[in-house]
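Okay, so here's the structure we're looking at.
So you know, we letter chains A, B, ... as the sequences are listed, proteins then strands, and number each from 1.
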There are 2 protein chains.
Amino acid sequence: MQSAETSLDALLKLDNQFCFALYALSRRVTALYRPLLQELGLTYPQYLVMLVLWEAQGQTSPDEFAGVPVKFVGERLHLDTGTLTPLLKRLEASGLVLRARAQQDEREVRLRLSVAGLQLKEKARVVPLQLICNSGIPPDRLLQLQRELQALLEMTLPDEKATKG
Amino acid sequence: MQSAETSLDALLKLDNQFCFALYALSRRVTALYRPLLQELGLTYPQYLVMLVLWEAQGQTSPDEFAGVPVKFVGERLHLDTGTLTPLLKRLEASGLVLRARAQQDEREVRLRLSVAGLQLKEKARVVPLQLICNSGIPPDRLLQLQRELQALLEMTLPDEKATKG
DNA sequence: GGAAATTATATTGTGCACAACCTAAATGCC
DNA sequence: GGCATTTAGGTTGTGCACAATATAATTTCC
């Protein structure tokens, strides 16, 4: 009878909800990382932060490297300071990261890797390949899915700064 | 020179990590849900639980409905009791869900919807379509992505019960 | 130069996730 | 019946996420 209601009901069914699939797979993949990262003493979000720092520090000569602002990490990972500040304090406490206010702008906290933090990159190098193997997902499917996810992510980003009209 | 190290380094780069794309998009989509669910007084995980209960309760005549075991919800959403117990207590506190031990098996806690919980389904019916509209993602892409995500989810599930060898 | 606005980070509080452990009820097996 | 095992949930503790608010350093604008 009520075909309109029925189709709305169908949308409500859990099986039809792509959002649930996204949520469940995301948690599942994080769970696949967990044993690998445990050997590095990292959680998954901490690993993401380390990726940002490794990538940034690798691009400059070590001596003149001024450090990465917290803001930069936040923009890269789409995380705010409520998440990052305690996470970074834990990374500092475990001796991987150094936090210090910038001299030119005392509002900024700049992040640098300790020697241990830099060395950890060597151990981390095998993680991505390990994960791909453990997941059992064909690499070409991973690559295609990644492209699609990234496109959708950019498509749904909030207007960062609605500049002056 | 070291082409092997270079390709491992490339895998380490954040941009190449499909896992980050998955993680970031999952949080982004949850954020798209947030304002819609706020009007229902639900968080996203609470909404998922309600979906399971609406779906289960709808399949039986109300009087003889014995309720849904916590275990069932956990299996459906891949969540354990450490997550579900406090969440369900919050749903109970907000008057949407009733929790009661089963008589035949006192270990089981069975979940039933209150009248308010059932009524909330009417308000929730518009959520999926609203979300699709708000996201701006073409529905066919959503559908295709959902199928792929679900396939990968099943592919990477841990062996539930490695039955006797 | 000084008040107002902006910016970068920190803090607090709520609600997941998940590991590790605990308890009590049911089941199996003798 | 009675003990070992399994099963269903609960509890505790840690670590994200994120909203709301706070604070101090800069910048803007007059």
Roughly, in whole Å, what's the span from [atom1] in [X] to [atom2] in [N]?
X	N	atom1	atom2	value
A:Tyr44	D:dC16	OH	P	13 Å
A:Glu75	C:dA8	CD	P	8 Å
A:Glu106	D:dT27	CD	C1'	16 Å
A:Asp80	C:dT14	CG	P	17 Å
A:Leu88	C:dT11	CG	P	12 Å
A:Gln104	C:dT7	CD	C1'	15 Å
B:Arg34	C:dG15	CZ	C1'	11 Å
B:Glu108	C:dT23	CD	C1'	17 Å

Is any side-chain N or O of [X] closer than 4.0 Å to OP1 or OP2 of [N]?
X	N	answer
B:Lys89	D:dT11	yes
A:Thr81	C:dT9	no
B:Gln46	C:dC16	yes
B:Arg90	C:dC16	yes

With the side chain of [X] defined as its heavy atoms from C-beta on, choose the nearest nucleotide among [options].
X	options	answer
B:Val109	D:dC16, D:dA25, D:dG9	D:dG9
B:Arg27	D:dC18, D:dT7, C:dT9	D:dC18
B:Arg107	D:dT6, C:dA8, C:dC16	D:dT6
B:Asp105	D:dC16, D:dG9, C:dA26	C:dA26
B:Thr83	C:dC18, C:dA25, C:dT11	C:dC18
A:Thr85	D:dA8, C:dA10, D:dA25	C:dA10

So what does [X] hit on the nucleic acid, given a heavy-atom distance under 4.0 Å: a base, only sugar-phosphate, or nothing?
X	result
A:Leu87	sugar-phosphate
B:Thr43	sugar-phosphate
B:Pro86	nothing
B:Gln38	nothing
B:Arg99	sugar-phosphate
B:Phe72	nothing

Trace of the salt bridge (charged side-chain N to carboxylate O under 4.0 Å, His left out) decision for B:Glu92 with B:Arg99: CA-CA 7 Å; B:Glu92 187 180 36; B:Arg99 296 178 334 125; 3.1 Å; yes

Beyond-backbone contact of B:Leu120 with B:Leu113, side-chain heavy atoms, under 4.5 angstrom: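 Counting from C-beta outward, B:Leu120 and B:Leu113 never come under 4.5 Å.
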
Same apolar cluster (I L V M F W Y, side chains within < 4.5 Å links), A:Val52/A:Trp54: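 Result: yes, single cluster for both.
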
Side chain A:Ser114, main chain A:Leu96, donor-acceptor under 3.5 Å: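 Side chain of A:Ser114 to backbone of A:Leu96, a donor-acceptor pair under 3.5 Å: yes, one is there.
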
Backbone N/O of B:Gly82 and side chain of B:Thr85: donor-acceptor pair under 3.5 Å: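 Pair absent, no side-chain N/O of B:Thr85 close to backbone of B:Gly82.
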
B:Gln38 atom CD, over 12 foreign heavy atoms within 6.0 Å: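 Counting neighbours around CD of B:Gln38, 12 or fewer heavy atoms of other residues, nucleotides or ligands fall under 6.0 Å, so no.
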
